[in-house]
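From a predicted model like this one, the values you see are computed outputs, not experimental measurements.
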Amino acid sequence: MPDVHGQICFLTPQRLQPDFPLFIFLPGMDGTGQLLRTQTAGLEAAFDVRCLAISVDDLTDWDHLTENLLELIKAEIARSSQRPVYLCGESFGGCLAIKAALHSPHLFNRIVLVNPASSFHTRPWIGWGAQLARWLPEPFFRLSSEALMPVLGNTDRISASDRKAFWETVQLIPQKTTLWRLALLNEFNVSEAQLRLITQPTLLLGSAADRLLPSLEEVRRLARLFANAHTVVLPNSGHACLLETDINLYEIMRTHNFLAEIPHQSPVESR
């Protein structure tokens with residue numbers, strides 16, 4: 001698994017498809033983008049996929065993180081400006097997606113939010129836990145992270161290989177970075193008036209069995225505020241639902257008529 005340092009960047013697939021809609025994925029708290037691997041094959045049937053990777057030592061605030069992300073997106077759009085752009089954010093990435101959509105709404109045609117962590121402030125116990133964790137030696141902090149794995153995801157619905165990748169990714173993020181990103185979530189504050197400004201077609205996925213955040217309640221709240229939203233309930237899924245064997249993001253989007261028309265052209269192979 002690559003250890004990403006320095007500026008944020010996009011991970012690109014082996015197969016580039018510049019004539020397909022651009023699909024930009026913003027990952028959860030880990031920020032590595034590596035855990036999208038379970039969904040990439042399906043998404044590449046309809047999209048030219050880019051996955052954001054944030055350095056494991058990145059301590060950027062929301063404003064600068066959003067600005068850096070938008071610069072990356074603008075560079076991608078400049079290469080092929082006539083295609084639709086989908087913005088998809090999961091958990092922490094859902095908050096970043098909201099920030100980006102509010103800052104530059106003209107860049108995005110459609111939005112997908114998966115268990116967005118915009119409800120983080122309603123779970124004060126996580127903030128209290130983060131304050132206590134600040135004083136833990138790094139080895140004990142990593143042990144506590146391992147103990148939280150069943151809360152972060154419904155491990156019974158994740159394959160053994162993906163559970164291993166999940167655990168390795170969680171372990172990759174330093175204590176200081178984890179606490180910083182938890183602090184960012186705690187201070188994430190977007191008013192209802194701002195949320196009503198998001199008018200793009202939006203698909204909201206909420207896990208009913210999320211043990212970490214009230215994701216189902218949150219996506220229903222957002223659906224009432226967004227001008228053009230559709231909610232999909234994942235009845236048995238946990239917070240890290242995109243790792244689950246039975247969850248196929250491409251099929252969910254297709255079933256709910258959320259795919260743009262794809263030109264019938266051969267994909268371009270990367271060199």
Side-chain angles (χ1 to χ4, degrees), residues 2-13 16 18 20-37 39-40 43 47-81 83-118 120 169 172-174 177-178 180-191 194-195 197-205 222 226 242 249:
D3 190 357
V4 179
H5 288 275
Q7 292 290 327
I8 67 171
C9 63
F10 280 147
L11 304 179
T12 58
L16 299 179
F20 279 37
L22 181 63
F23 187 93
I24 297 164
F25 180 77
L26 311 181
M29 272 276 294
D30 65 282
T32 64
Q34 296 299 318
L35 296 178
L36 186 65
R37 65 179 192 165
Q39 302 292 335
T40 303
L43 290 169
F47 297 103
D48 192 20
V49 180
R50 299 290 183 274
C51 184
L52 182 68
I54 307 173
S55 169
V56 295
D57 53 5
D58 185 283
L59 301 179
T60 308
D61 61 25
W62 281 122
D63 288 343
H64 287 91
L65 189 57
T66 302
E67 290 169 4
N68 293 339
L69 168 65
L70 291 171
E71 288 303 312
L72 287 177
I73 294 172
K74 289 174 184 176
E76 289 291 339
I77 292 174
R79 296 186 180 98
S80 182
S81 60
R83 56 181 175 166
V85 178
Y86 283 60
L87 180 65
C88 177
E90 180 187 20
S91 189
F92 180 92
C95 295
L96 182 56
I98 290 171
K99 289 279 191 181
L102 288 172
H103 187 285
S104 299
H106 62 285
L107 296 180
F108 310 109
N109 299 91
R110 298 193 179 195
I111 299 170
V112 181
L113 300 179
V114 183
N115 294 330
S118 45
F120 184 90
T169 301
L172 179 68
I173 311 305
T177 304
T178 299
W180 174 260
R181 291 176 186 170
L182 287 172
L184 286 183
L185 290 177
N186 196 48
E187 69 183 36
F188 181 83
N189 183 23
V190 176
S191 70
Q194 289 175 297
L195 291 171
L197 297 175
I198 295 179
T199 59
Q200 296 95 330
T202 304
L203 191 65
L204 301 167
L205 276 61
L222 294 175
F226 292 165
L242 296 184
L249 182 57

Side chains of [X] and [Y] in contact at under 4.5 Å (non-hydrogen atoms):
X    : Y    : result
I111 : F226 : no
M29  : L185 : yes
R181 : D58  : yes
L36  : Q39  : yes
L113 : I98  : yes
Y86  : N109 : no
T202 : L222 : no
L22  : R50  : yes

Can you tell me how far the [atom1] atom of [X] sits from the [atom2] atom of [Y], to the nearest 0.5 Å?
X    : Y    : atom1 : atom2 : result
L96  : N68  : CG    : CG    : 10.0 Å
L43  : F20  : CG    : CZ    : 12.5 Å
L35  : D30  : CG    : CG    : 5.0 Å
C9   : I54  : SG    : CD1   : 10.0 Å
K99  : D63  : NZ    : CG    : 6.0 Å
L107 : Q200 : CG    : CD    : 9.5 Å

Heavy-atom donor-acceptor pair, [X] side chain to [Y] backbone, under 3.5 Å:
X    : Y    : result
T60  : L65  : no
S104 : H106 : no
W180 : D61  : no

For [X] versus [Y], what's the shortest heavy-atom pair and its separation?
X    : Y    : result
I173 : T178 : CG2-OG1, 3.4 Å
T32  : A53  : O-CB, 3.5 Å
N189 : Q194 : O-OE1, 4.4 Å
F92  : G28  : CB-C, 3.7 Å
A97  : L87  : O-CD2, 3.6 Å
L242 : F25  : CD1-CE1, 3.8 Å

Is there a side-chain contact (heavy atoms from CB on, under 4.5 Å) between V190 and W62? Walk through the geometry before answering. CA-CA 12 Å; V190 176; W62 281 122; over 6 Å; no
Given the rule in the side-chain contact (heavy atoms from CB on, under 4.5 Å) test, do L102 and I198 qualify, once you have shown the distances and angles that lead to the verdict?
-> CA-CA 7 Å; L102 288 172; I198 295 179; 3.8 Å; yes
Verdict with supporting geometry, D48 and E76, side-chain contact (heavy atoms from CB on, under 4.5 Å):
CA-CA 11 Å; D48 192 20; E76 289 291 339; 5.5 Å; no
Can you list the residues that meet the side-chain contact (heavy atoms from CB on, under 4.5 Å) rule with L72, with sequence neighbours excluded?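 Only I8, F10, L52 meet the side-chain contact (heavy atoms from CB on, under 4.5 Å) criterion with L72.
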